[in-house]
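Some notes on the structure that comes next.
As the structure lists them, so they are numbered: ligands from 1, and atoms in each ligand from 1.
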Amino acid sequence: MTNIYSNIIKVNNKNIARSIKYLKKNETVAVPTETVYGLAGNAYSDDAIRKIFKLKNRPTINPLIIHYYSVDDLAKDAELNKKFFILFKKFCPGPITFILKKKSSSRVSNIANAKLDTIAVRFPKNKDIRKILKKLNFPLAMPSANKSSSISPVCAKDVAEEFKNKLKIILDGGKCKIGIESTVVDLTQNINILRPGFISKDKISKILNSKIFSNKSLKTIKAPGSLKKHYSPGIPMKLNQTKVFNNCAFIIFGKKYIETKNTFNLSKNSNLNEAARNLYKIFRKIKGKQYKKIYVVKIPNKGVGIAINDRLKHAAN
Ligand code: AMP
Ligand code: MG
């Protein structure tokens with residue numbers, strides 16, 4: 001095993017205990033979740049939060065999502081409302097993040113929520129991160145475990161590629177089941193999708209039985225995650241293409257296209273969930289092969305396809 005991967009350790013009771021010990025010392029640990037791998041730190045500690053921003057080289061105006069084990073834990077830090085409880089009951093734990101009013105008595109570091117009067121909160125479903133959260137008496141701030149504006153990691157090796165030996169612990173829980181970031185929904189005023197994800201706007205609207213917005217309809221964009229260049233392999237990318245070019249990567253979907261060494265199929269079976277799971281893996285593969293350009297076919301804009309198209313648009317920007 002090469003030295004740069006020596007910080008990857010398998011999920012087991014001993015290594016979970018080691019991670020917990022580390023988090024209690026306000027150190028950062030990379031951990032699996034069902035969406036993408038996270039870079040976790042004590043959300044109540046300015047010290048831990050500063051380490052996360054520094055490691056990621058993340059702009060301090062871009063707030064972090066705070067991860068909780070239970071509603072009881074969250075109630076200490078945020079004002080909960082009726083819509084929150086409806087969505088919580090239906091989708092949590094799971095890939096959905098809520099923007100709520102931060103309580104004035106909350107101990108969440110102001111640096112973590114970029115000094116806003118709101119916080120972004122999530123209850124991850126992955127059993128390993130839940131084991132960790134259960135044993136801590138503080139929530140975890142946890143952005144994706146990649147350098148700011150780079151590709152989100154969907155396995156432990158991706159994290160190691162991003163941070164080399166800068167991280168002491170990368171807890172290896174296998175591949176992420178969903179592979180794309182959580183849906184971010186603002187519940188503070190009008191219900192508003194700030195970032196599309198695995199759980200669609202339609203599903204949320206149906207459960208709440210009300211009209212909801214998506215960020216473009218708002219004047220003030222609240223999620224700097226909608227900062228333009230993001231999720232990027234750092235190679236010029238063109239969307240809605242139909243033709244392959246020599247020496248360029250071609251990201252395809254379904255069985256319509258002839259496969260060559262330059263094609264990368266998101267899902268042969270035209271399955272959007274599978275496409276979401278493969279998206280960042282394919283970005284990373286293409287980045288490693290140093291293509292000059294990436295062409296992408298049109299992806300159906302429904303269900304999780306909306307989130308895939310959102311990430312593609314950001315990457316192409
Ligand atoms: P990441 O940590 O990379 O998954 O991104 C987290 C996303 O949540 C970003 O788009 C943030 O801008 C967004 N976010 C976090 N906290 C808030 C907040 N208080 N209000 C609005 N958006 C937020
Ligand atoms: Mg991220």
Side-chain angles (χ1 to χ4, degrees), residues 28 30-41 43 49 52-53 55-68 74 77-79 84 94-103 106 108-124 126 129 139-154 158-159 162-163 176 178-199 213-216 218-233 276 279-280 283-284 307 310-311 313-315:
T28 61
V31 292
T33 85
E34 72 278 20
T35 56
V36 302
Y37 270 70
L39 184 59
I49 300 304
I52 293 176
F53 275 96
L55 276 163
K56 280 183 63 82
N57 195 17
R58 180 169 170 120
T60 52
I61 54 155
N62 193 2
L64 308 177
I65 297 173
I66 315 299
H67 294 69
Y68 289 86
L74 172 62
D77 294 323
E79 307 281 355
F84 163 78
I96 184 165
T97 295
F98 308 103
I99 309 294
L100 296 166
K101 275 251 145 30
K102 186 179 179 182
K103 275 190 174 166
S106 165
V108 170
S109 160
N110 259 317
I111 309 169
N113 63 290
K115 300 195 172 114
L116 298 168
D117 57 1
T118 56
I119 49 173
V121 303
R122 183 164 100 82
F123 303 86
N126 174 286
I129 187 62
L140 292 174
M142 209 156 79
S144 49
N146 52 277
K147 292 279 186 179
S148 190
S149 91
S150 176
I151 306 164
S152 295
V154 291
D158 293 350
V159 181
E162 288 287 320
F163 293 103
C176 298
I178 290 175
I180 202 162
E181 298 82 355
S182 61
T183 307
V184 178
V185 54
D186 186 356
L187 300 176
T188 56
Q189 302 158 31
N190 288 328
I191 307 151
N192 189 19
I193 307 285
L194 301 183
R195 175 175 74 187
F198 185 75
I199 296 173
F213 299 85
S214 35
N215 58 0
K216 284 187 192 83
L218 264 198
K219 276 194 195 117
T220 45
I221 293 179
K222 282 199 183 172
S226 46
L227 288 172
K228 279 193 172 167
K229 190 166 159 290
H230 213 86
Y231 318 113
S232 163
L279 182 71
Y280 292 137
F283 274 12
R284 213 170 266 280
D310 170 77
R311 306 308 188 269
K313 259 182 234 156
H314 281 102

Query raised in the report: How are the rings of F84 and F98 set to each other: parallel, tilted or perpendicular (split at 30° and 60°)?
Result: perpendicular
Report summary line: Under 4.0 Å between heavy atoms, the region of N113 that gets near ligand 1 turns out to be neither
Query raised in the report: Should the proximity of K115 to ligand 1, defined as any heavy atom under 4.0 Å, be assigned to the side chain, the backbone, both, or neither?
Result: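 It is neither; nothing of K115 touches ligand 1.
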Is the shortest side-chain heavy-atom distance between [X] and [Y] below 4.5 Å?
X: K102; Y: V108; answer: yes
X: V185; Y: I191; answer: yes
X: V184; Y: I99; answer: yes
X: D77; Y: V121; answer: no
X: F53; Y: L64; answer: yes

Query raised in the report: Would you say I99 contacts ligand 1, with heavy atoms under 4.0 Å as the rule?
Result: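 Distance cut 4.0 Å: I99 passes for ligand 1.
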Report task. May I ask whether K102 has any heavy atom positioned less than 4.0 angstrom from an atom of ligand 1? Result -> no
Query raised in the report: If you measure only the distance, is there a donor-acceptor pair under 3.5 Å linking the side chains of S144 and E181?
Result: no
Report task. Ignoring hydrogens and angles, state whether a donor on the side chain of T35 or S182 is under 3.5 Å from an acceptor on the partner side chain. Result -> no
Which atoms of ligand 1 sit under 4.0 Å from any heavy atom of [X]?
X: S144; result: 3 (O)
X: R195; result: 1 (P), 4 (O), 5 (O), 6 (C), 7 (C)
X: L194; result: 21 (C), 22 (N)
X: P63; result: 11 (C), 12 (O), 14 (N), 15 (C), 16 (N), 17 (C), 18 (C), 23 (C)
X: P143; result: 2 (O)

Query raised in the report: Counting both backbone and side chain atoms, is some N or O of N62 under 3.5 Å from an N or O of ligand 1?
Result: yes
Query raised in the report: Between T118 and ligand 1, is there a nitrogen or oxygen pair with a distance under 3.5 Å?
Result: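 Yes, there is a polar N/O contact under 3.5 Å.
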**Report entry** the Mg ion (ligand 2) to nearest N/O/S of N146 less than 2.8 Å
**Finding:**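 No.
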